[in-house]
Amino acid sequence: MDKDILFCLIAGICYKIDYKYDYTKWMFRDYLVDETQLKGDVIYVSYTPKDIEKIEGVLEEERSPGYVEYTCIMDKIASDLPNHGMFLMHGAVIEYNGKAYIFTAPSGTGKSTHISLWKKYLGDKIQIINGDKPEVSFDDTKVYVHGAPWCGKEGWQTNTSAELAGVCVVNQSKNNAIKTIHPGNNIEFFLTQIYIGTGEYDLLKVVDLFTKMAERVSFYSLDCDISEAAAKCSFETMTGENWGEAKQF
């Protein structure tokens, strides 16, 4: 099967992507543009059989050729982001009142469940930007998060961006409590939640970007169950608003 070409715009970066399988095109569907819409530098993304073998070697189970190709392409995109002052972070992101909040945790801990609670009770006041791996960027003073095609099994993502106002580590608990934390005291955990390539200086680039993020954004640790009280706990602390006045349902 010969390769075809996709033209995409993701988080302000233009891509020309080689692909073979419809699955890849479907996963990038919300970011596709016409070639004439591309402006400035365009990053060309292609892959070799060796690249495919590498991805197959790290996947935990056998997957379709289309899934492997898509993962290979996203791996290349994520690896290149620090060269543009950006990184890919493991987390579920929601936007409320123009501000974004990242909920991060090891897979299976409940970050998707928690943002679902915000959505359940706050309705259309909430937009899910990404359910698994958003892209993070910076300007001179602020941090932003962007939807990306790498969005988890739920497929939650929106091709949009918002200013980041908070990062919250989710922990399963029978009680609901939230506290502010210093990200520097938890750097080992956070580096496991950020995509780091294998280049010689990739780790240093990511640490520098994460430090910039830590200087501009509030960080929290949330112990929670799956009740409305859990959503109320995180919402009121992170947004500074009253849950009863904000909730719709």
Side-chain angles (χ1 to χ4, degrees), residues 1-35 37-38 41-84 86-94 102-108 111-112 115 127-137 144-161 192-199 202 205-206:
M1 181 188 295
D2 293 332
K3 291 182 182 178
D4 207 339
I5 294 175
L6 297 175
F7 296 100
C8 299
L9 182 61
I10 307 171
I13 299 179
C14 300
Y15 295 96
K16 175 182 178 182
I17 301 171
D18 280 348
Y19 81 104
K20 290 182 180 180
Y21 298 99
D22 290 340
Y23 182 85
T24 296
K25 185 175 183 179
W26 183 78
M27 291 301 294
F28 281 85
R29 63 194 181 280
D30 291 327
Y31 304 86
L32 298 178
V33 295
D34 186 87
E35 184 176 7
Q37 295 175 269
L38 300 178
D41 295 335
V42 177
I43 298 173
Y44 177 52
V45 181
S46 187
Y47 62 86
T48 66
K50 187 174 181 179
D51 294 326
I52 293 295
E53 289 178 7
K54 172 190 170 185
I55 296 300
E56 289 175 331
V58 298
L59 290 174
E60 296 181 353
E61 58 186 74
E62 186 175 350
R63 305 301 293 262
S64 70
Y67 182 90
V68 175
E69 176 187 68
Y70 149 74
T71 303
C72 184
I73 291 169
M74 285 303 301
D75 175 76
K76 288 182 172 292
I77 290 174
S79 296
D80 183 57
L81 285 176
N83 295 322
H84 307 278
M86 304 170 63
F87 60 78
L88 192 79
M89 182 170 182
H90 180 223
V93 186
I94 51 179
I102 296 178
F103 292 88
T104 186
S107 296
K111 61 186 185 299
S112 296
I115 68 168
Q127 178 173 230
I128 298 176
I129 293 180
N130 192 275
D132 191 46
K133 294 183 177 70
E135 295 186 11
V136 179
S137 70
Y144 300 89
V145 287
H146 310 262
W150 211 332
C151 49
K153 61 181 182 297
E154 295 89 358
W156 293 340
Q157 58 84 28
T158 307
N159 185 5
T160 189
S161 61
T192 66
Q193 303 302 297
I194 297 173
Y195 191 96
I196 301 173
T198 57
D202 287 353
K205 291 176 183 176
V206 167

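A quick note: this is a predicted structure, and the numbers were derived from the prediction, not measured.
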Legend entry - Results of side-chain hydrogen bond (donor to acceptor under 3.5 Å, both in side chains) for Tyr47 - residues two or more places apart only: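 Once residues adjacent in sequence are excluded, the partners of Tyr47 under the side-chain hydrogen bond (donor to acceptor under 3.5 Å, both in side chains) criterion are Glu69.
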
Inset, instruction - Only counting residues at least two apart or in another chain, list the ones meeting side-chain hydrogen bond (donor to acceptor under 3.5 Å, both in side chains) with Lys133. - result: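 In terms of side-chain hydrogen bond (donor to acceptor under 3.5 Å, both in side chains), with neighbours along the sequence ignored, Lys133 is linked to no residue.
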
Inset, instruction - Please say which of Tyr19, Trp26, Tyr23 ends up in a ring pair (Phe, Tyr, Trp, His ring centres under 6.0 Å) with Tyr70. - result: Tyr23

So, for [X] and [Y], which heavy atoms are closest and what is the spacing to 0.1 Å?
{"X": "Ser137", "Y": "Met86", "value": "CB-CG, 3.7 Å"}
{"X": "Ile17", "Y": "Cys8", "value": "CD1-SG, 4.0 Å"}
{"X": "Phe87", "Y": "Ile194", "value": "CD1-CG2, 3.7 Å"}
{"X": "Pro106", "Y": "His90", "value": "C-CE1, 4.2 Å"}
{"X": "Pro134", "Y": "Gly91", "value": "CD-O, 3.3 Å"}
{"X": "Cys14", "Y": "Leu38", "value": "CB-CD2, 3.7 Å"}

Inset, instruction - Mind running salt bridge (charged side-chain N to carboxylate O under 4.0 Å, His left out) on Asp4 and Lys25 for me, showing each step along the way? - result: CA-CA 10 Å; Asp4 207 339; Lys25 185 175 183 179; over 6 Å; no

Legend entry - Other residues, nucleotides, ligands: >12 heavy atoms within 6.0 Å of Lys205 NZ: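 Above 12, so yes.
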
Inset, instruction - Answer yes or no: are there more than 12 heavy-atom neighbours, outside Gln37 itself, under 6.0 Å from its atom CD? - result: yes

Interatomic spacing from [atom1] in [X] to [atom2] in [Y] - rounded to 0.5 Å:
{"X": "Ile13", "Y": "Tyr31", "atom1": "CD1", "atom2": "OH", "answer": "13.0 Å"}
{"X": "Thr160", "Y": "Asn130", "atom1": "OG1", "atom2": "CG", "answer": "11.5 Å"}
{"X": "Ile43", "Y": "Lys16", "atom1": "CD1", "atom2": "NZ", "answer": "13.5 Å"}
{"X": "Thr71", "Y": "Lys54", "atom1": "OG1", "atom2": "NZ", "answer": "12.0 Å"}
{"X": "Ile55", "Y": "Arg63", "atom1": "CD1", "atom2": "CZ", "answer": "12.5 Å"}
{"X": "Asp34", "Y": "Leu9", "atom1": "CG", "atom2": "CG", "answer": "12.5 Å"}

Inset, instruction - Check the pair Ile129 / Ile94 against side-chain contact (heavy atoms from CB on, under 4.5 Å), numbers first and verdict last. - result: CA-CA 5 Å; Ile129 293 180; Ile94 51 179; over 6 Å; no

Inset, instruction - Tell me yes or no: between the side chains of His146 and Glu135, is some donor less than 3.5 Å from an acceptor? - result: no

Legend entry - Distance-only donor-acceptor check, side chains Glu62 and Tyr67, under 3.5 Å: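 Absent: no donor and acceptor within the cut-off.
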
Legend entry - Donor-acceptor contact below 3.5 Å, side chain Thr158 vs main chain Ile128: yes

Inset, instruction - Please check if the side chain of Asp80 supplies one atom and the backbone of Ile77 the other of a donor-acceptor pair under 3.5 Å. - result: no

Legend entry - Ring-face cation contact, Phe103 with Lys111, 6.0 Å cut, 45° max: no

Any side-chain heavy atom of [X] within less than 4.5 Å of one from [Y]?
{"X": "Gln157", "Y": "Pro149", "answer": "no"}
{"X": "Ser46", "Y": "Lys3", "answer": "yes"}
{"X": "Trp156", "Y": "Cys151", "answer": "no"}
{"X": "Ile10", "Y": "Tyr15", "answer": "yes"}
{"X": "Val45", "Y": "Asp18", "answer": "no"}

Legend entry - Ion pair check, Asp132 and Lys153, cut-off under 4.0 Å: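 The answer is no: the pair does not qualify as a salt bridge.
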
Inset, instruction - Identify the residue among Ile102, Leu88, Thr104 that makes a side chain to side chain contact (heavy atoms under 4.5 Å, CB included) with Gln193. - result: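 When Ile102, Leu88, Thr104 are each tested with Gln193, the side chain to side chain contact (heavy atoms under 4.5 Å, CB included) holds only for Thr104.
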
